[in-house]
Number of protein chains: 2
Amino acid sequence: MRIVEGVLDANDTIARANRADFDDAGVTVVNLMSAPGAGKTSLLERTVRNLEGIRIGVLEGDVQGSLDADRLASLHVPVTQINTDPGFGGECHLDANMVRSALPAVPLDELDLLVIENVGNLVCPAEFRVGEDARAMVCAVTEGEDKPLKYPLMFRTCELVVVNKIDLLEHLDFDLDRFLYNLDAVNPGVRRMLVSARTGENVDEFRAWLGDLPARAGIGAAVKAPA
Amino acid sequence: MRIVEGVLDANDTIARANRADFDDAGVTVVNLMSAPGAGKTSLLERTVRNLEGIRIGVLEGDVQGSLDADRLASLHVPVTQINTDPGFGGECHLDANMVRSALPAVPLDELDLLVIENVGNLVCPAEFRVGEDARAMVCAVTEGEDKPLKYPLMFRTCELVVVNKIDLLEHLDFDLDRFLYNLDAVNPGVRRMLVSARTGENVDEFRAWLGDLPARAGIGAAVKAPA
C-alpha cells in the first residue's frame, strides 16, 4: 500500500504545520469523532454552556450543510464550517489539508481550546492526524456492544471514549459490561465516561476533561513540529 | 477530481462484470447500507428466519472480524465474509473489486437472492456500485432527524429506506414527521418502511420487499452488462 502511505506521510507534514500554528497561538486542539448520530454536537451544546474560564471555538466538519455549526453558533461560540463536498470530493473524513484551508477563518488568538468535530464515520477519520493535541470519540449505547471490535482503529486511537445516551439504557438490550470488556480488548484501560448529552448526566465530567486540557503541558509532544 | 472519476470508472467496469455473473446465475442482488449500529444485521436476522421460497445468501462486509457473519451463519444462511483490512487497506466501504474477489466463495448457483451487507458508513459506500440490482439503507431513529440532509448522496441513491428502532420512539425526542420531511427533501417519495428489528414490528414489509425483488424483471437494466 505504498500510495496510501505516501498520502498519510503528506498528511502528517501538513498536520505538523497546523500543530505549529496552534502552539504559536497557545490553542489546545481536540479531534472529536464518532459514528453519525452518536451525539457529538449535542454533547458540545451541553458542554459549552457552562465552560467557565476557557475560551472555546469549534471547527465543524461535514460532507455538506451547516446544521451542526448553526446549532453551536446559536450558543455564541465561534464556529467555522468545513464542507468536504464539493471542495474536497465529498470526503468521509477531515484531513490536515482541509483543516489548514479553514484556519484563516478561525480566530485562534481569541481561543484557548478548539474542538474539531469530524465527519460522522468510525473508519477513515482515525487515519488522518489534523494537528490535534488529543483525540476523543463519542459512542452511543444505541450502536451496540460490538463497535470496539468492528472499528478497532478508532477506539484504539482515542484517549477518551465518551459513552453517550445512557438515559436510554433501561430501554435497550445493550450489555454495558460487555461493551466495556470489548473496549478494553482493543484499548486497555482507556479513559471512559458514561454520559447523557440529552439529560446532562455526567456531562460535567467531559467539561472538566476539556477544561484541563490546556493546562496539561507536553501533551502530544511527540508529534510537535520542530522548533 | 479527475483521479476520483478514473477510480469510479474502473469500479463501474468491474461492477458490470459482477452484474453479468449475477445475471448468469439468476441471482438478484441487494446492496444494504447504513451507519454503524443502525441494525442491518439484526434486520437480516429477523428477515431470513421466515423468508419462504427464496434462497438467500449474504456477503458480509466489515473492516475487520466476522461478528455479523457469525450471527447470520448460525441461522443456516450461506454467508461469505469480506474484510477490507488488511487486504484492501482498511477501506471504509465495499467496492466492485472487493466483491469480485469474494465471488468464488459465494454459492451463486444455490441462491435466488444475495444481500451484500456493506461496511457501516453513510458516506463512501454510496459512491461505489458493486453490481447490485437494488440499493436499500437502514436508518435508526436514534440517529436524529437531520441525517438525510447531512448525508444526502446515501439517502438519494437508495430505492428503499428502512427506518429502524421504532420501538424506541416513545423514549426519544425524535420528530418522525421532520425526518420524513427531510427524507423527501433529498429523495422525494422514496419508499420507506418503519420497522423494529428488535420486536419484529413491520419486518414482514421488508421481507415482502426482498421476496418480490427476484420477480421484478428489468430492474436496474440500465447498468446491465452488454450481452
Side-chain angles (χ1 to χ4, degrees), chain A residues 1 3-5 7 34-39 41-42 62-68 71 83-93 119-127 139-154 164-165 167-174 182 186 198, chain B residues 1 3-5 7 34-39 41-42 62-68 71 83-93 119-127 139-154 164-165 167-174 182 186 198:
Chain A
M1 300 304 294
I3 295 171
V4 171
E5 280 171 18
V7 168
S34 80
T41 310
S42 298
D62 286 297
V63 176
Q64 198 168 311
S66 62
L67 292 168
D68 295 347
R71 285 165 63 185
N83 281 136
T84 71
D85 184 28
F88 298 101
E91 289 284 5
C92 60
H93 58 271
V119 178
N121 181 351
L122 287 183
V123 187
C124 300
E127 296 173 18
C139 184
V141 294
T142 45
E143 295 168 29
E145 303 92 350
D146 56 352
K147 291 302 159 294
L149 303 180
K150 293 185 69 176
Y151 303 92
L153 179 64
M154 175 61 74
N164 192 23
K165 307 194 186 182
D167 56 294
L168 295 175
L169 274 177
E170 64 184 304
H171 308 297
L172 303 173
D173 303 319
F174 185 82
N182 291 341
V186 301
R198 185 197 194 193
Chain B
M1 300 305 293
I3 295 171
V4 171
E5 281 171 18
V7 168
S34 80
T41 309
S42 298
D62 286 297
V63 176
Q64 198 168 309
S66 62
L67 291 168
D68 294 347
R71 284 165 64 183
N83 280 136
T84 71
D85 185 26
F88 297 101
E91 288 284 5
C92 59
H93 58 271
V119 178
N121 181 351
L122 286 184
V123 187
C124 300
E127 296 174 17
C139 184
V141 294
T142 45
E143 295 169 29
E145 303 93 349
D146 56 351
K147 291 302 158 295
L149 303 180
K150 293 185 70 176
Y151 304 92
L153 179 63
M154 174 60 75
N164 191 24
K165 307 195 187 182
D167 57 294
L168 295 175
L169 274 177
E170 62 184 303
H171 308 298
L172 304 173
D173 303 320
F174 185 81
N182 291 340
V186 301
R198 184 196 193 193

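So you know, we letter chains A, B, ... as the sequences are listed, proteins then strands, and number each from 1. Keep in mind the model is a prediction, meaning the values are calculated, not measured.
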Can you tell which of [options] has the highest number of heavy-atom pairs within less than 4.5 Å of chain A?
options: Asp173(B), Asp146(B), Leu168(B), Leu122(B); value: Asp173(B)
options: Leu149(B), Asp68(B), Asp62(B); value: Asp68(B)
options: His171(B), Gln64(B), Lys150(B); value: His171(B)

* Below 4.5 Å from any heavy atom of chain B, which atoms of Leu153(A) appear? Answer side chain, backbone, both or neither. =>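 The answer is neither part of Leu153(A).
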
* Asked: Which answer fits Lys147(B), side chain, backbone, both or neither, if we ask what part of it has an atom under 4.5 Å from a heavy atom of chain A?
  ->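 Lys147(B) touches chain A through side-chain heavy atoms alone.
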
Return yes if some donor-acceptor pair links the side-chain N/O of [X] with the main-chain N/O of [Y] below 3.5 Å, else return no.
X: Asn83(A); Y: Asp85(A); result: no
X: Asn182(A); Y: Glu145(A); result: yes
X: Glu127(B); Y: Cys124(B); result: no

Looking at [X] and [Y], what are the two nearest heavy atoms and their distance?
X: Pro125(B); Y: Met154(B); result: CB-CE, 4.1 Å
X: Lys165(B); Y: Ala38(B); result: CE-O, 3.6 Å
X: Phe174(A); Y: Val141(A); result: CD1-O, 2.9 Å

* **Top of Ala140(A), Gly90(A), Gly65(A), Pro152(A) for chain B proximity - count of heavy-atom pairs under 4.5 angstrom** =>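 Max contact count across the listed options: Pro152(A).
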
* Asked: Out of Ser66(A), Gly144(A), Cys92(A), which one racks up the most heavy-atom pairs below 4.5 Å with chain B?
  ->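 Max contact count across the listed options: Cys92(A).
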
